[in-house]
There are 2 protein chains.
Amino acid sequence: MVRRTGAETREEIHAAATRLFRERGYSRTSVRDIAALAETNPALVIRHFGTKELLFLDTMHLTIDDEPLLNVPPAEFGPRFVARLLADDDIRGVYLALVRGSNEPQIKERLQAIHEHTFVGPLRARLTGPDADLRARLAAAVIGGLLYALWVVSDEQLVATAPETLITHYGALLQQLITPPTPTS
Amino acid sequence: MVRRTGAETREEIHAAATRLFRERGYSRTSVRDIAALAETNPALVIRHFGTKELLFLDTMHLTIDDEPLLNVPPAEFGPRFVARLLADDDIRGVYLALVRGSNEPQIKERLQAIHEHTFVGPLRARLTGPDADLRARLAAAVIGGLLYALWVVSDEQLVATAPETLITHYGALLQQLITPPTPTS
DNA sequence: GTCTATATGTGGATAGAC
DNA sequence: GTCTATCCACATATAGAC
C-alpha cells in the first residue's frame, strides 16, 4: 500500500464514509466498513473524526445551489424546483440517510436544518400574500411528500413514472401553493 | 410475581413491545427492554415470537376504520381524511417506527403495504377522471408529506399550528387533487 | 412454560508500540 | 500519523435445569 499523508488519509476516510452512509444508512454502516473501504483501520477513523456520529454529520451536508433557480420566472418555479430535486442524486442519499437515522437526536436536528434551508427557505422567498409563513411550510411538506413516496416508500408506480410526468403534475401542484390565492370577493 | 399462563405472558410481551417500538422505534428497543417491561426475560420473548424482527412486524398493523369516512360527502373528503390521520395516535407511532426502520427490507415492505392500503387505497376509491391512478399516488405522497413534516422532521411551526388550521389548509389542497380537473376548453 | 446462565457475535472506541 | 491488538458494552439468541 502506498504511504499517504494524514490529510490524504482523512479525505479517503471521508469519501468512504460519504459513500457508505448514503448507500446503507447510518446504522448499517460500521466504522470497520468505512476503514476497510478507505484501506485503513478503525483506529484512524476515530482518530480523525472523533466518533462515528460526528463523522456521519460531517458527511451529511447539502449545499443547494440556488443560482440556477434565481432566473426562473415565478410562474415556473414549481416544476423547476421539483425537477431540481429529482435530478440531484446527492439529495436522495442525504435525505434517505437522515430520515432513517432520525431516531438519533443529533441526526434529527440536521434533518430539521436541511429541511429548513433547502425546502422551506427557497419556498418562503417566493411566497407573498396572507399566511405566507404557514403556506411555505405546507409547501415544504408537499415537497417532502414526494421525496418520501419516491425514496422512502419507493412507491413502485411512482418510481416507474417518467420524471417529466412527475415534474409536470407535482410541479403544478406546488405552483398553486406558491401563487397567492386570489381573493374570492 | 403472579404466575401467568403462556397466553397471558405472550400478550404481556406483545403489549410491551407495541408500546416500546412506537415510543422508541425499532433500533432503540432491545429484547431486554421488552422483557423487562413485560416482567419476564429475553428467552421467553424469543420463544414466543421467534425473532425481534418478527415481533416488531407483529406489532406494526394498522386497521384504518374506513366506515366513518364512507358517509362523508365527496366534497369534504379531503379535510375529513386529514383530520382522521392527525387524530389517530396509533398512526403516528406506527408510521414513525416504520419510516425509521425502513432500512430493513421487511420493514420497508410493511411500510409499502400500509402506504398502499391506508393512503393510496381510500384516495383511489374517490378519484375519477384521467390519470386517476397516478393522481391517487400523488395525493398519497401529499398525505405522506404532512405526516413527514409533522412527525419525522417535527417542523416546530407546523407542530405548533392549530390542528383545525392544518385540516383546513391541507385538506383543501388534498380536495383539489381528488376533484377531477375541469377541462380547460 | 419458565427461567438462569451463557454462547456468540458485533459494535464503537482505546492503548501503546512503532 | 499509523497500525495491531484489545477492551468493553451490548446485542440477539440458545442450552438446559426446573
Side-chain angles (χ1 to χ4, degrees), chain A residues 1-60 97 100-107 110, chain B residues 1-60 97 100-107 110:
Chain A
M1 189 176 73
V2 184
R3 194 74 181 184
R4 292 171 297 197
T5 68
E8 277 167 357
T9 302
R10 195 190 153 91
E11 282 194 21
E12 291 281 347
I13 291 170
H14 192 272
T18 300
R19 178 170 156 197
L20 290 179
F21 282 139
R22 291 179 194 200
E23 282 177 9
R24 307 182 192 169
Y26 182 72
S27 63
R28 293 174 77 94
T29 301
S30 71
V31 172
R32 282 171 169 76
D33 293 338
I34 295 168
L37 185 60
E39 292 179 323
T40 177
N41 58 76
L44 272 186
V45 175
I46 298 297
R47 172 162 188 88
H48 278 295
F49 293 94
T51 68
K52 175 186 171 183
E53 192 170 9
L54 285 175
L55 172 55
F56 177 77
L57 290 173
D58 206 11
T59 66
M60 290 289 131
R100 290 185 171 151
S102 63
N103 253 101
E104 305 290 330
Q106 298 234 58
I107 297 177
R110 178 61 58 84
Chain B
M1 189 176 72
V2 184
R3 194 75 179 186
R4 292 171 297 195
T5 69
E8 277 168 357
T9 303
R10 196 189 152 92
E11 282 193 23
E12 291 281 347
I13 291 170
H14 191 274
T18 300
R19 178 169 158 198
L20 290 179
F21 282 139
R22 291 180 193 198
E23 283 177 8
R24 308 183 192 168
Y26 182 71
S27 63
R28 293 175 78 92
T29 300
S30 72
V31 173
R32 282 172 168 73
D33 294 338
I34 295 167
L37 186 59
E39 292 180 323
T40 177
N41 58 77
L44 272 186
V45 174
I46 298 298
R47 173 165 186 86
H48 279 294
F49 293 94
T51 69
K52 175 184 170 183
E53 192 171 9
L54 285 174
L55 172 55
F56 177 76
L57 290 173
D58 205 10
T59 67
M60 290 289 131
R100 290 184 172 152
S102 62
N103 253 105
E104 306 290 330
Q106 299 233 57
I107 296 178
R110 178 62 57 84

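Below, chain A is the first sequence line, B the second, and so on; all start at residue 1. What you see is a predicted model; the values in this text were computed from it and never measured. Just so you know, these numbers use all the heavy atoms, side chains as well, and skip hydrogens, waters and symmetry mates.
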(request) Would you indicate whether the side-chain heavy atoms of A:Phe49 and A:His14 approach each other to under 4.5 Å? (result) yes
(message) Run the side chain to side chain contact (heavy atoms under 4.5 Å, CB included) test on A:Leu55 and A:His48 for me, step by step, so that the C-alpha distance in whole Å, both residues' side-chain angles and the decisive distance to 0.1 Å come before the verdict.
(response) CA-CA 9 Å; A:Leu55 172 55; A:His48 278 295; over 6 Å; no
(message) Determine whether a donor-acceptor pair (N or O, by modelled atom type, separation under 3.5 Å) exists between the side chain of A:Arg22 and the backbone of A:Thr59.
(response) yes
(request) Using a cut-off of strictly less than 4.0 Å, decide whether B:Ser30 has a side-chain nitrogen or oxygen near OP1 or OP2 of D:dC10. (result) no
(request) Go through residues 43-54 of chain A and report each residue with a non-hydrogen atom lying under 4.0 Å from DNA chain D, sorted by number. (result) A:Ala43, A:Leu44, A:Arg47, A:His48
(request) Identify the heavy atoms of A:Thr40 and A:Leu44 that sit nearest to each other, and give their distance. (result) OG1-CD1, 3.2 Å
(message) Heavy-atom count check: over 12 atoms from other residues, nucleotides or ligands less than 6.0 Å from A:Glu11 CD?
(response) no
(request) Using whole Å, report how far CZ of B:Arg10 lies from C1' of C:dT2. (result) 16 Å
(message) Please report the distance, rounded to the nearest Å, between CZ in A:Arg32 and P in C:dG9.
(response) 14 Å
(request) Measure from CD on B:Glu11 to P on C:dT2 and round the result to the nearest Å. (result) 13 Å
(message) Check the phosphate of C:dT2 against B:Thr40, side-chain N and O only, distance under 4.0 Å to OP1 or OP2. Yes or no?
(response) no
(request) Please lay out, stage by stage, how A:Val45 and A:Arg32 fare under the test side chain to side chain contact (heavy atoms under 4.5 Å, CB included). (result) CA-CA 9 Å; A:Val45 175; A:Arg32 282 171 169 76; over 6 Å; no
(request) Could you check how far CG of A:Asp33 sits from C1' of C:dA13, rounded to whole Å? (result) 16 Å
(request) Check whether NZ of the Lys or CZ of the Arg B:Lys52 lies under 6.0 Å from the centre of the six-membered ring of B:Phe21 and within 45 degrees of that ring's axis. (result) no
(request) Could you check how far CZ of B:Arg28 sits from C1' of D:dA11, rounded to whole Å? (result) 15 Å
(message) Taking the minimum atom-to-atom distance to the side chain of A:Asn41, which one of D:dT2, C:dG11, C:dT2 wins?
(response) D:dT2
(message) Check this for me: A:Glu23, atom CD, are more than 12 non-hydrogen atoms of other residues, nucleotides or ligands nearer than 6.0 Å?
(response) yes
(message) Counting only heavy atoms and a strict 4.0 angstrom limit, can you tell me which residues of residues 13-27 of chain A come near DNA chain D?
(response) none
(request) Of all the heavy-atom pairs spanning A:Arg24 and A:Arg28, show the shortest one and how long it is. (result) O-CB, 3.5 Å
